[in-house]
Amino acid sequence: MRLDNMLIAEGVAGPEKGGGAGAAANASAAAGAGDNAIEHSDYRAKLGQIRQIYHQELEKYEQACNEFTTHVMNLLREQSRTRPITPKEIERMVQIIHKKFSSIQMQLKQSTCEAVMILRSRFLDARRRRRNFSKQASEILNEYFYSNLSNPYPSEEEKEALARRCGITVNQVSNWFGNKRIRYKKNIGKAQEEANLYAAKKAAGASPYSMSGTPGPMMSPQPGEDSMGYGIAGMNGSGYSGVGGMGYDLHPESPDV
DNA sequence: GGATATGATTTTGG
DNA sequence: CCAAAATCATATCC
């Protein structure tokens, strides 16, 4: 029963709902968010495949069940000429057959469920579609991180600002800082170089992009403002003092939201 | 193709 | 409940 419900919920079992056209329309409607439209329709297509196979198999089983039942019935009828066979016995026979076949159907349903689950995880698990952030986003995040090494915990507002500037979500900013903190701590020695590197960049000021490897064209025309205002204003005086004492420093300035 | 980097999720500790 | 730590799954580099 659970399996049935699940299959219906996933749209594998249940009403036919007009085949591909309906599914496609559904997909495009559900993908109003936009960026995941392609993956979603792909998901839909795969789901349709599963669905089709499932129904095919189901029908096949049903047919086989009927054939087998009639076959048994014929045998019984034949036997009834040599010995009396009660209707009750026939009914029992039929029930046994149906039970057998329904257990086979159960297996089909279960494996279909499994397939759907795998499909879901394949498409819905964000880990499987990881995309690296843009170069600029990494720059912005790193700048903030190394400018606030003594307290790399951006507040909610700061996270939102960073998210906007990087074109990612607040959650992603949080993830990034979580990863960065732990991975920075893991090898301070090496990362210190990076810290210095970013400190140097900050000192260099306006053009933190050193053009290391990519002779390609400049990046996107990113709507004006950016750099300046935020990053440089970092800490008070002495660059980055040793982390030695306390981490708590209230932000020297909080211009607005 | 494997080694490493990196974003996301899951587990764990306070 | 939040963040650290562990872990997963992919991207990217070589």
Side-chain angles (χ1 to χ4, degrees), chain A residues 6 10 30-31 33-47 50 113-201 208-220 222 226 231 234-235 240 242-251 254 257:
Chain A
M6 211 165 115
E10 296 299 338
D35 69 337
N36 56 358
I38 293 156
E39 286 91 347
H40 205 81
S41 75
D42 205 359
Y43 170 76
R44 276 285 169 187
K46 291 255 167 50
L47 192 66
I50 290 176
C113 262
E114 265 170 44
V116 171
M117 286 317 239
I118 290 169
L119 186 69
R120 277 179 78 86
S121 78
R122 182 92 177 75
F123 278 85
L124 266 49
D125 188 350
R127 276 183 297 196
R128 295 177 187 269
R129 283 181 296 146
R130 189 176 70 76
R131 297 287 178 273
N132 289 350
F133 296 154
S134 71
K135 207 82 175 159
Q136 300 119 301
S138 299
E139 288 289 334
I140 292 169
L141 293 167
N142 273 314
E143 245 172 76
Y144 184 97
F145 182 80
Y146 288 114
S147 301
N148 299 281
L149 258 188
S150 59
N151 185 32
Y153 296 85
S155 68
E156 197 60 30
E157 291 85 19
E158 288 168 318
K159 279 184 195 170
E160 280 171 24
L162 286 169
R164 271 197 302 276
R165 290 176 59 206
C166 296
I168 60 180
T169 69
V170 173
N171 252 344
Q172 286 177 303
V173 173
S174 299
N175 287 340
W176 190 92
F177 273 88
N179 282 322
K180 190 71 183 179
R181 281 192 299 263
I182 189 65
R183 283 163 183 166
Y184 173 80
K185 215 163 59 169
K186 265 196 162 166
N187 47 1
I188 304 211
K190 241 188 294 178
Q192 204 80 8
E193 297 171 21
E194 214 182 350
N196 291 338
L197 198 139
Y198 273 90
K201 276 185 186 173
Y209 302 136
S210 60
M211 296 271 92
S212 54
T214 60
M218 224 22 186
M219 322 242 61
S220 72
Q222 194 78 323
D226 139 5
M235 314 270 29
Y240 63 106
V243 182
M246 310 296 78
Y248 311 136
D249 60 354
L250 26 146
H251 345 86
S254 54
V257 184

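To find a chain, count down the sequence lines: A is the first, B the second, and so on, and within it residues start at 1.
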Given protein heavy atoms under 4.0 Å, the one-letter contact record of nucleotides 6-14 of chain C, with B base, S sugar-phosphate only and - none, is simply -BBBBSS--

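- By the side chain to side chain donor-acceptor pair (under 3.5 Å) test, A:N132 pairs with A:R130, sequence neighbours left out.
- Note: CG (A:N175) to P (B:dT9) measures 7 Å, nearest angstrom.
- Using a 4.5 Å heavy-atom cutoff, the side chains of A:E160 and A:V173 are not in contact.
- Distance, A:N142 CG to B:dA5 C1': 13 Å, rounded to whole Å.
- When the side-chain nitrogen and oxygen atoms of A:Q172 are compared with OP1 and OP2 of B:dA8, one or more of them lie within a distance under 4.0 Å.
- Contact check, A:K185 against C:dA5: a side-chain N or O comes under 4.0 Å of OP1 or OP2.
- Dashed line: the shortest gap from a side-chain N or O of A:Y184 to OP1 or OP2 of C:dA5 is not under 4.0 Å.
- Across A:P154 and A:K159, no two heavy atoms sit closer than the pair O-CE, 3.4 Å.
- Annotation: the span from A:Q172 atom CD to A:N179 atom CG amounts to 11.5 Å, rounded to 0.5 Å.
- Straight-line distance from the CZ atom of A:F177 to the C1' atom of B:dA8: 16 Å, rounded to whole Å.
- Here C:dA3 presents its C1' atom at 14 Å from CZ of A:F145, a figure rounded to the nearest Å.
- The aromatic rings of A:F177 and A:F145 sit tilted, their planes meeting at an angle between 30° and 60°.
- Between the P atom of C:dA3 and the NZ atom of A:K180 lies a distance of 18 Å, rounded to the nearest Å.
- Residues forming a side-chain contact (heavy atoms from CB on, under 4.5 Å) with A:A137 (at least two apart in sequence, or on another chain): A:F133, A:S134, A:C166.
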